[in-house]
There are 2 protein chains.
Amino acid sequence: MARIPVAERRRTLVDAAIRVVARDGVAGTTTRAVVAEAGMSLASLHYAFASREELLDAVIADVTEQERRAAEDGLLPLVNSTGPAPAMVDVIRAGLDRFLDLLVADPLRERALLELILHALRTPGHEAVLAAQHATYQRAAQSSLETAALASRSRWRVPVPTAARLLVTLTDGLTMAWLADRDTAAARVTVVFAAQALAALAEPLDPTTTPSGDDLDQDSQEPGPC
Amino acid sequence: MARIPVAERRRTLVDAAIRVVARDGVAGTTTRAVVAEAGMSLASLHYAFASREELLDAVIADVTEQERRAAEDGLLPLVNSTGPAPAMVDVIRAGLDRFLDLLVADPLRERALLELILHALRTPGHEAVLAAQHATYQRAAQSSLETAALASRSRWRVPVPTAARLLVTLTDGLTMAWLADRDTAAARVTVVFAAQALAALAEPLDPTTTPSGDDLDQDSQEPGPC
DNA sequence: GTCTATAAAGTGATAGAC
DNA sequence: GTCTATCACTTTATAGAC
């Protein structure tokens, strides 16, 4: 077959492995399944990667980087907006709703990432890639919150890393809960309260601006599964 | 060997399987590993359970029931307390702190439960046990919140199922975040804000009672990993 | 009912031809 | 560099002796 640079081989294999993990889970991501998806021989995988675990490390790093870019892209519309400053709670709610959109549109991807993280949590030798994943998320959450403060002309009343950890906690929890019950309407309601909880940790720079959230006393009953 | 009732065999096998899942993960829970832990032969497992998957179903149901009982027991101290009614935020914070205590004391158990849920999410035919698990959690969260309202002489301003879903989201997120970074001090801070977020959805029955939370402007910096 | 032994089908990794 | 063929091992499940 054609002589392919090892860097390109790695890319092809990582992309194929991501599809296999999403479809069959980590346990189903055998070396044979990956090379079948990538359309190459088993030996080529072991030429590009020393072992299956090394391939999985590369997959985790790649998926994490993709998520980080998605978060970054989600912030661009905010910094470029003109008009009057929106309330912090609305900025956060819009961001969380966009996150939920991604989850609903591609649940296999998020489930795959959770599986990969749990796998790395249990397997010795994956500490480095796991720490990198966590640091990337924390940083993405921090810059999201800092951008949100700029857009809403607010300041954080708690250290940004503290608020960022709450944001990560909320997105992780939203993901787990939605994957478990697939109740998108209920998740939207949870997003509203999550946004209020985060926005309560910030205050407007200009005291005359009155921050307004949604009505707490809404009579929305728990909707059934979609 | 001794002739053992099949019900007892099943109990022994499920208990052994729970230990193996906690130690080696779902992928490491092979039929051989379980029978070695239980001290019986491979054929005895297949006499009690038709397949490995059927055993895993029983494990998920058992662990879920144990968690439900733990949540129930955690509520008993609340309803029996005399003295003046504590503030809702303090009741919830105490409950979340107790949850965090359990997580820190036995992280392998929570990690195992997450792995089992993800496994059930991916494997066809496990929908029933997964739905049961989710319903159990939602019910436990609801009765926890109702008990908290009683103890703090408050009422919920939103439907209890809605608040319960936020509680489940927060505990799931707390678990994932702590498992990822093992930063107990940061998790305690997250608990404070999570409790405030939930307490904001309730109001005291007696208007003269002033609900008091913690100071939001505390200068706690993000602590390093433990 | 309980066991040993084994079947049948995987797995990760590598040797060696080209 | 890339391939086929294969090693060495593990897996679930079952057959058949007792």
Side-chain angles (χ1 to χ4, degrees), chain A residues 1-21 23-60 115-116 118-120 122-126 129, chain B residues 1-21 23-60 112 115-116 119-120 122-126 129:
Chain A
M1 277 297 200
R3 182 173 283 229
I4 297 172
V6 66
E8 184 182 332
R9 270 248 135 95
R10 284 169 166 261
R11 267 248 56 82
T12 306
L13 283 165
V14 167
D15 288 343
I18 289 174
R19 291 193 296 273
V20 175
V21 174
R23 193 210 311 135
D24 304 327
V26 172
T29 306
T30 64
T31 52
R32 282 174 169 82
V34 173
V35 297
E37 179 78 22
M40 62 179 74
S41 75
L42 189 55
S44 294
L45 186 152
H46 281 101
Y47 181 80
F49 292 100
S51 68
R52 170 181 180 267
E53 288 303 304
E54 199 178 290
L55 169 62
L56 287 181
D57 273 353
V59 167
I60 294 176
E115 273 194 60
L116 285 166
L118 276 179
H119 175 78
R122 187 169 24 74
T123 314
H126 287 217
V129 71
Chain B
M1 277 292 200
R3 181 175 283 228
I4 297 172
V6 65
E8 185 182 331
R9 268 249 137 92
R10 282 168 168 262
R11 266 248 56 82
T12 307
L13 283 165
V14 167
D15 288 343
I18 289 174
R19 291 193 296 273
V20 175
V21 173
R23 194 210 311 136
D24 305 326
V26 172
T29 306
T30 64
T31 53
R32 280 176 167 81
V34 173
V35 297
E37 179 78 22
M40 62 179 75
S41 75
L42 189 56
S44 295
L45 186 152
H46 281 101
Y47 181 79
F49 291 99
S51 69
R52 171 180 180 267
E53 286 303 304
E54 199 178 290
L55 169 62
L56 286 181
D57 274 352
V59 167
I60 294 176
E115 274 194 58
L116 284 167
H119 175 78
R122 186 169 25 74
T123 314
H126 287 216
V129 72

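Quick note on labels: first sequence line is chain A, next is B, and so on, each numbered from 1.
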With a 3.5 Å cut-off and no angle check, do the side chains of A:Glu53 and A:His119 form a donor-acceptor pair? yes
Does the distance from a Lys or Arg side-chain N to an Asp or Glu carboxylate O, for B:Asp15 and B:Arg19, drop under 4.0 Å?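 So B:Asp15 does not pair with B:Arg19 through a salt bridge.
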Take atom [atom1] of [X] and atom [atom2] of [N], then tell me their distance rounded to the nearest Å.
| X | N | atom1 | atom2 | value |
| --- | --- | --- | --- | --- |
| B:Leu56 | D:dA13 | CG | P | 10 Å |
| B:Tyr47 | C:dT4 | OH | C1' | 18 Å |
| B:Arg10 | C:dT2 | CZ | P | 13 Å |
| A:Met40 | D:dT4 | CE | C1' | 16 Å |
| A:Glu53 | C:dA13 | CD | C1' | 13 Å |
| A:Arg3 | D:dC3 | CZ | C1' | 13 Å |

Between C:dA15, D:dT2, C:dC3, which one does the side chain of A:Ala43 approach most closely? C:dA15
Closest to side chain of A:Ile4, choosing from D:dC3, D:dT14, D:dT2: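 Nucleotide nearest to A:Ile4's side chain: D:dT2.
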Each nucleotide N or O in nucleotides 9-12 of chain C that has a protein N or O under 3.5 Å away: list the pair and distance.
unit_1: C:dG12; atom_1: OP1; unit_2: A:Thr31; atom_2: N; d: 3.3
unit_1: C:dG12; atom_1: OP1; unit_2: A:Arg52; atom_2: NE; d: 3.3
unit_1: C:dG12; atom_1: OP2; unit_2: A:Thr31; atom_2: N; d: 3.0
unit_1: C:dG12; atom_1: OP2; unit_2: A:Thr31; atom_2: OG1; d: 2.6
unit_1: C:dG12; atom_1: N7; unit_2: A:Arg32; atom_2: NH1; d: 2.8
unit_1: C:dG12; atom_1: O6; unit_2: A:Arg32; atom_2: NH2; d: 3.2

Phosphate contact (C:dT2 OP1 or OP2) by B:Arg9 side-chain N/O below 4.0 Å: yes
Under a 3.5 Å distance rule, please check whether B:Arg10 uses its side chain to pair with a backbone N or O of B:Phe49 as donor and acceptor.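 Between the backbone of B:Phe49 and the side chain of B:Arg10 there is no qualifying donor-acceptor contact (under 3.5 Å).
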Identify the heavy atoms of B:Val6 and B:Ala48 that sit nearest to each other, and give their distance. CG2-CA, 4.1 Å
Correct closest heavy-atom pair for A:Ala38 and A:Leu13 would be CB-CD2, 4.1 Å
Close side-chain approach of B:Val34 and B:Arg52, heavy atoms under 4.5 Å: no
Which part of the nucleic acid, if any, lies within reach of B:Ser44 when heavy atoms closer than 4.0 Å are counted: base, sugar-phosphate only, or nothing? sugar-phosphate
